[in-house]
There are 2 protein chains.
Amino acid sequence: MADADSGLTVKDRHAAVYAELRQRICLLDYPPRAQLSEIALAGEFGTSRTPMRRVLARLEEEGLVQSVHGVGTFVTDADITELEQAYRLRVELTGLTGQLDPVTPDTVFLMELQRLITRAAQMIVSGTPRSFTELDMDVFQALLHLTANEPLRRVLERLYYQTKRLWLVKAIKAELDLQEEYGIFLHELQAIRIALESGDLMAVAQIQRAHISMSFNRLRKQSAI
Amino acid sequence: MADADSGLTVKDRHAAVYAELRQRICLLDYPPRAQLSEIALAGEFGTSRTPMRRVLARLEEEGLVQSVHGVGTFVTDADITELEQAYRLRVELTGLTGQLDPVTPDTVFLMELQRLITRAAQMIVSGTPRSFTELDMDVFQALLHLTANEPLRRVLERLYYQTKRLWLVKAIKAELDLQEEYGIFLHELQAIRIALESGDLMAVAQIQRAHISMSFNRLRKQSAI
DNA sequence: TCCCCGCCTGATGTGCACAACGATTTGTCA
DNA sequence: TGACAAATCGTTGTGCACATCAGGCGGGGA
């Protein structure tokens, strides 16, 4: 793994490793029930078990892995019944982003959003479940800047990465209409842009909230088959 | 420190140490800016630095302590301007407890609540800021059972312990009318009991939400002097 | 042939010694 | 006497060796 950690403090390195592992888990590079070796990861990131264990402990706090003494560290399986509570909480908290410390975006933000919309449009013609998830993560991170409430942002980020695997698992199993998913997502982004240009952050939050809720319903409908 | 850890698994021991340190910080046994020694704590709890560092790392995640390489681990100071966002989020999330997976209490719960109300009544005649905070923690833990949404409970617990020190700091500095605080708290508990007996969990949540909001306003008014 | 007991392997958890780092103190020079 | 620099001390961060534990494998006895 090439790091190029020029001038970064040690804590930032830990955060980078954490984010990298979280990404791999949520993109199913490490699928559910996969085993993570502390020694192997330590070797890959050029460190020892001690700092790696700290990162894994945090991932365990977030519910993405589970360590068992004498057995191993395993990626948790994304079970929709267990994550339903987290998903519903995420729906409500997303609605709060319009109330708690909303941030009116600048032109840089709007340009970035336009780029994301362009990527979403290309997704319809040549999109894979994985590339779509990567785009969704970038959109999430961008829209997170619309609230300045730091505790809310942290909780939302946590819930996002806890629940996001559900979609990708179902998509890979071809239990979702991908074209429909892509189209709905593009439509959501365009609606958000319109709301943003009118400065209505409350509307932006409600649009996101509605789409997260509907996305969960689509996931649930498929898993009921 | 007497532990009496008969039959407990190792992870439970870690959780117990974490809860104990969190309690000490929030009761100001470790006041803001106090230094925590990894070696001293390890000796007190009969373990070594390695597991203790894991506990301290979690406390750092929760924002209760801060570790600086080569300097030490210090209790963060409870600053009302920094915690305002957390407090407002806590207000909104408390309101959600009536919507997300509410749990209708059984008679055991109501009896426990009655005991807490009795303690609150005694508090008015012979209460200290510290004993009041201990009661408040017990009440919080009890009322947390009114929602079965586990992610919501975890977030609420986190926000509670992040923000609770604010009250105790102001109370010790005699910047709060303690008799008024005790009376309001007793009144809140009685209102909650009435709402519970009528089975209106939404009302219970709104009562709590209102009192947390008002409590924060009283804290802010005093700190503005 | 089947079952049970014990060993063996590989993993996480722990303890300890050392490295890295920052604040303070002390010594030296102008 | 004052100011700057180097050393010293205490603390957190890291690496490694060992302890602990769970599961699998194999051998022996009924």
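A, B, ... follow the sequence lines: proteins, then strands. Residue 1 opens every chain.
- Here C:dA20 presents its P atom at 9 Å from NE2 of B:H69, a figure rounded to the nearest Å.
- In this structure, NZ of B:K11 is placed 10 Å from P of C:dT14, rounded to the nearest angstrom.
- Judged by distance alone with a 3.5 Å cut-off, no donor-acceptor contact links the side chain of A:R54 to the base of D:dG13.
- Aromatic ring orientation, B:Y161 versus B:F140: perpendicular (interplanar angle above 60°, classes split at 30° and 60°).
- Contact between the side-chain N/O atoms of B:H14 and the OP1/OP2 oxygens of C:dT12 is not found at any separation under 4.0 Å.
- The base of D:dG13 has none of its N or O atoms less than 3.5 Å from a complementary donor or acceptor on the side chain of A:R13.
- Of all non-hydrogen atoms in A:Y87 and A:S215, the two that sit nearest each other are OH-OG, 3.7 Å.
- A side-chain N or O of A:T76 and one of A:R165 form a donor-acceptor pair less than 3.5 Å apart.
- For B:T47, a side-chain nitrogen or oxygen approaches OP1 or OP2 of C:dG15 to under 4.0 Å.
- Among C:dG13, C:dT14, D:dT14, the nucleotide with an atom closest to any side-chain atom of B:R49 is D:dT14.
- The CG atom of B:D12 sits 14 Å away from the P atom of C:dG13 (whole-angstrom rounding).
- The CE-P distance, from A:M52 to D:dG15, rounds to 10 Å in whole Å.
- Nearest nucleotide to the side chain of B:S48, out of C:dG13, C:dA11, C:dT14: C:dT14.
- We find that CD of A:E60 is positioned 11 Å from C1' of C:dT12, with the value rounded to whole Å.
- Listed pair B:T50 / C:dG15 fails the phosphate criterion, with no side-chain N or O lying under 4.0 Å from OP1 or OP2.
- Contacts of B:L36 with the nucleic acid, taken as non-hydrogen atoms under 4.0 Å apart, involve only primed sugar atoms and P, OP1 or OP2.
- A:E38 has its CD atom 14 Å from the C1' atom of D:dT20, to the nearest Å.
- Atom CG of B:L59 and atom P of D:dT12 are 13 Å apart (whole Å).
- Which of D:dT14, C:dG22, D:dT11 sits closest to the side chain of B:Q35 comes down to D:dT11.
- Nearer the 5' end of DNA chain C, as judged by each residue's closest nucleotide, is the contact made by A:G70, out of A:S67 and A:G70.
- Between A:T147 and A:N149, the side chains place no donor N or O within less than 3.5 Å of an acceptor N or O (distance only, hydrogens not considered).
- When all heavy atoms of A:P151 and B:L159 are compared, the pair lying nearest together is CB-CD2, 4.4 Å.
- Between the CZ atom of A:R53 and the P atom of D:dG13 there is a distance of 16 Å, given to the nearest Å.
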